[in-house]
K.L.:
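Quick one: structure below, then a few questions.
Along the sequence shown, the residues carry numbers beginning at 1.
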Amino acid sequence: MKQILMIEVSPRGRDSASRAVADTLAARLVDLYPSAKLVRRDIATECLPHLDGTTLRAISTKDPDEAARLQEAVRLSDTLTDELLASDLLVIATPMWNFGIPSALKAWIDLVIRPGRTFQYAEGGVFGLAKHKRAILVLASGGVFTDGPWQSWDYVEPYLRQILGFIGVTDVQTVRAQGMNIPALAPDAVSKAQDAVAELVL
Ligand SMILES: Cc1cc2nc3c(=O)[nH]c(=O)nc-3n(C[C@H](O)[C@H](O)[C@H](O)COP(=O)(O)O)c2cc1C
């Protein structure tokens with residue numbers, strides 16, 4: 001294990017359930033892999049930009065002169081993509097917002113899902129290029145989504161598994177702090193998820 005990348009999304013700092021569980025996971029990973037580089041990218045404070053026309057052009061142009069001219073526009077996307085590709089383990093710690101992922105996480109995804117870098121169109125289909133990596137999703141939600149009437153409202157875990165699979169990351173484990181808005185479940189939700197961190201195959 002050379003590098004572990006943790007993408008942290010919640011803007012709620014010390015009140016954040018996903019960050020509390022991510023901290024427990026980070027401590028376990030540091031214990032297990034003391035020589036690995038742990039990169040914690042806080043995209044709540046970093047405020048990644050949405051893809052604009054110039055960046056899209058810079059990412060997609062085949063003209064070397066234009067690519068050179070637009071180098072600056074693609075720099076952030078390159079940095080984030082290189083960081084992802086250099087990592088053996090990706091951890092995404094995120095809240096559920098409006099049944100999906102926060103737009104900050106979508107902005108990161110839009111900057112790293114790139115043809116020729118993390119996936120490839122080829123005869124016979126699309127192939128992920130971010131292979132030989134594992135991922136762990138640390139998810140926090142107000143409701144319960146592993147079973148019960150709200151299960152089909154979960155657009156977080158199915159989407160993240162789908163998009164990670166698209167780039168070749170298929171070994172994905174999930175830990176959930178769920179029921180954060182349910183008085184009977186909230187008090188124990190974080191500690192249960194922290195206990196579940198001990199069960200992860202790392
Ligand atoms: C803007 C916003 C939208 C939310 N939407 C949902 C939702 O759709 N479903 C749900 O179960 N919880 C929802 N919640 C509750 C959060 O998922 C819950 O508070 C969770 O603990 C947030 O993660 P964090 O503690 O790491 O910030 C929402 C919270 C906020 C602030």
Side-chain angles (χ1 to χ4, degrees), residues 4-29 40-48 50-51 80 84 87 89-113 118-119 126 128 130 133-202:
I4 299 161
L5 173 61
M6 292 188 104
I7 302 295
E8 292 173 87
V9 183
S10 174
R12 299 195 320 121
R14 294 171 66 83
D15 294 331
S16 161
S18 56
R19 281 178 187 267
V21 180
D23 284 345
T24 302
L25 176 55
R28 194 176 161 211
L29 288 167
R40 297 188 74 159
R41 194 169 270 278
D42 181 352
I43 61 172
T45 52
E46 201 172 346
C47 283
L48 301 174
H50 288 176
L51 283 179
L80 297 174
L84 170 63
S87 301
L89 174 64
L90 167 68
V91 178
I92 298 178
T94 184
M96 171 185 279
W97 278 3
N98 300 315
F99 304 103
I101 58 170
S103 61
L105 179 55
K106 185 59 166 51
W108 178 82
I109 289 170
D110 288 342
L111 288 162
V112 301
I113 308 292
T118 48
F119 74 94
V126 184
K133 298 183 196 311
R134 293 181 291 147
I136 297 171
L137 308 177
V138 177
L139 309 180
S141 57
V144 171
F145 295 88
T146 45
D147 51 29
W150 291 96
Q151 196 174 14
S152 66
W153 288 68
D154 178 11
Y155 292 92
V156 177
E157 183 173 0
Y159 170 68
L160 289 175
R161 283 180 177 270
Q162 197 85 16
I163 197 70
L164 290 173
F166 181 71
I167 59 169
V169 183
T170 53
D171 182 346
V172 181
Q173 300 175 80
T174 302
V175 178
R176 283 177 181 265
Q178 57 179 354
M180 296 303 299
N181 292 350
I182 300 175
L185 300 180
D188 298 327
V190 169
S191 60
K192 274 190 177 167
Q194 286 168 325
D195 290 347
V197 165
E199 310 292 313
L200 291 170
V201 180
L202 297 179

K.L.:
Atom CG in Leu80, atom OG1 in Thr118: separation rounded to 0.5 Å?
P.N.:
11.5 Å
K.L.:
Testing Ile136, Val112, Leu164 one by one against Leu90 for a side chain to side chain contact (heavy atoms under 4.5 Å, CB included), which residue passes?
P.N.:
Leu164
K.L.:
Locate the shortest heavy-atom distance separating Val169 from Ala135; write the atom from each residue and the value.
P.N.:
CG1-CB, 3.8 Å
K.L.:
Quick one: which of Thr94, Val9, Val91, Thr174 gives a side chain to side chain contact (heavy atoms under 4.5 Å, CB included) with Val138?
P.N.:
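For Val138, the side chain to side chain contact (heavy atoms under 4.5 Å, CB included) test succeeds with only one of Thr94, Val9, Val91, Thr174, which is Val91.
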K.L.:
Does Asn98 reach the main-chain N or O of Gly100 with its side chain, forming a donor-acceptor pair under 3.5 Å?
P.N.:
no
K.L.:
If I compare all heavy atoms of Ala22 with all of Glu8, which pair ends up nearest, and what's the gap?
P.N.:
CB-OE1, 4.0 Å
K.L.:
Write down the atom of Arg12, the atom of Ala17, and the distance for their closest heavy-atom approach.
P.N.:
NH2-N, 4.3 Å
K.L.:
Take Ile101 and Ile92 through the side-chain contact (heavy atoms from CB on, under 4.5 Å) test and state the conclusion after the steps.
P.N.:
CA-CA 11 Å; Ile101 58 170; Ile92 298 178; over 6 Å; no
K.L.:
Test Leu105 against every option in Val156, Asp110, Ile43 by the side chain to side chain contact (heavy atoms under 4.5 Å, CB included) rule and name the one that passes.
P.N.:
Ile43
K.L.:
If you compare all heavy atoms of Val175 against all heavy atoms of Ala193, which two are closest, and at what distance to 0.1 Å?
P.N.:
CG1-O, 3.4 Å
K.L.:
Atom CG in Leu48, atom CD1 in Ile109: separation rounded to 0.5 Å?
P.N.:
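Separation between the atoms: 11.0 Å.
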K.L.:
Is any side-chain N of the basic residue among Arg19 and Asp23 closer than 4.0 Å to the acidic one's carboxylate O?
P.N.:
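No, no charged N to carboxylate O under 4.0 Å.
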K.L.:
Please report the shortest heavy-atom distance between Ala177 and Val21, naming the atom on each side.
P.N.:
CB-CG2, 4.4 Å
K.L.:
Counting N and O atoms only, with roles assigned by atom type, does the side chain of Gln173 sit under 3.5 Å from a partner on the main chain of Val201, one being a donor and the other an acceptor?
P.N.:
yes
K.L.:
What's the separation between atom CD in Gln194 and atom CG in Leu25, rounded to the nearest 0.5 Å?
P.N.:
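Reported value, rounded in 0.5 Å steps: 10.5 Å.
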K.L.:
With a 3.5 Å distance limit and no angle check, can you tell me whether Gln151 reaches the backbone of Thr146 through a side-chain donor-acceptor pair?
P.N.:
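Yes, the answer is positive, given that a donor and an acceptor are paired below the 3.5 Å cut-off.
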K.L.:
Considering all heavy atoms of both residues, which atom of Val172 and which atom of Arg161 are nearest to each other, and what is their separation?
P.N.:
O-NH2, 3.0 Å
K.L.:
For Ser87, is there any backbone N or O sitting under 3.5 Å from a side-chain donor or acceptor partner on Lys133?
P.N.:
yes
K.L.:
Compare all side-chain heavy atoms of Tyr159 with those of Lys106 and state whether any distance is below 4.5 angstrom.
P.N.:
yes
K.L.:
Are side-chain heavy atoms of Arg176 and Phe145 found at a separation under 4.5 Å?
P.N.:
yes
K.L.:
Hey, could you give me the CE/CD distance between Met180 and Gln178, rounded to the nearest 0.5 Å?
P.N.:
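Separation between the atoms: 11.0 Å.
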K.L.:
Side chains of Pro95 and Ser16: does their closest heavy-atom pair fall under 4.5 Å?
P.N.:
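Pro95 does not reach Ser16 side chain to side chain.
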K.L.:
May I ask you to check whether over 12 heavy atoms, not counting those of Phe99, lie within 6.0 Å of atom CZ?
P.N.:
yes
K.L.:
Just so I know, are the side chains of Ile113 and Phe119 near enough to count as touching, which here means a heavy-atom distance under 4.5 Å?
P.N.:
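When only atoms from C-beta onward are counted, Phe119 and Ile113 do touch, with a gap below 4.5 Å.
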K.L.:
For the side chain of Arg28 and the backbone of Leu200, is there at least one donor-acceptor N/O pair under 3.5 Å apart?
P.N.:
yes
K.L.:
Let me confirm one number: the OG-CG distance from Ser18 to Leu137, rounded to the nearest 0.5 Å.
P.N.:
12.0 Å
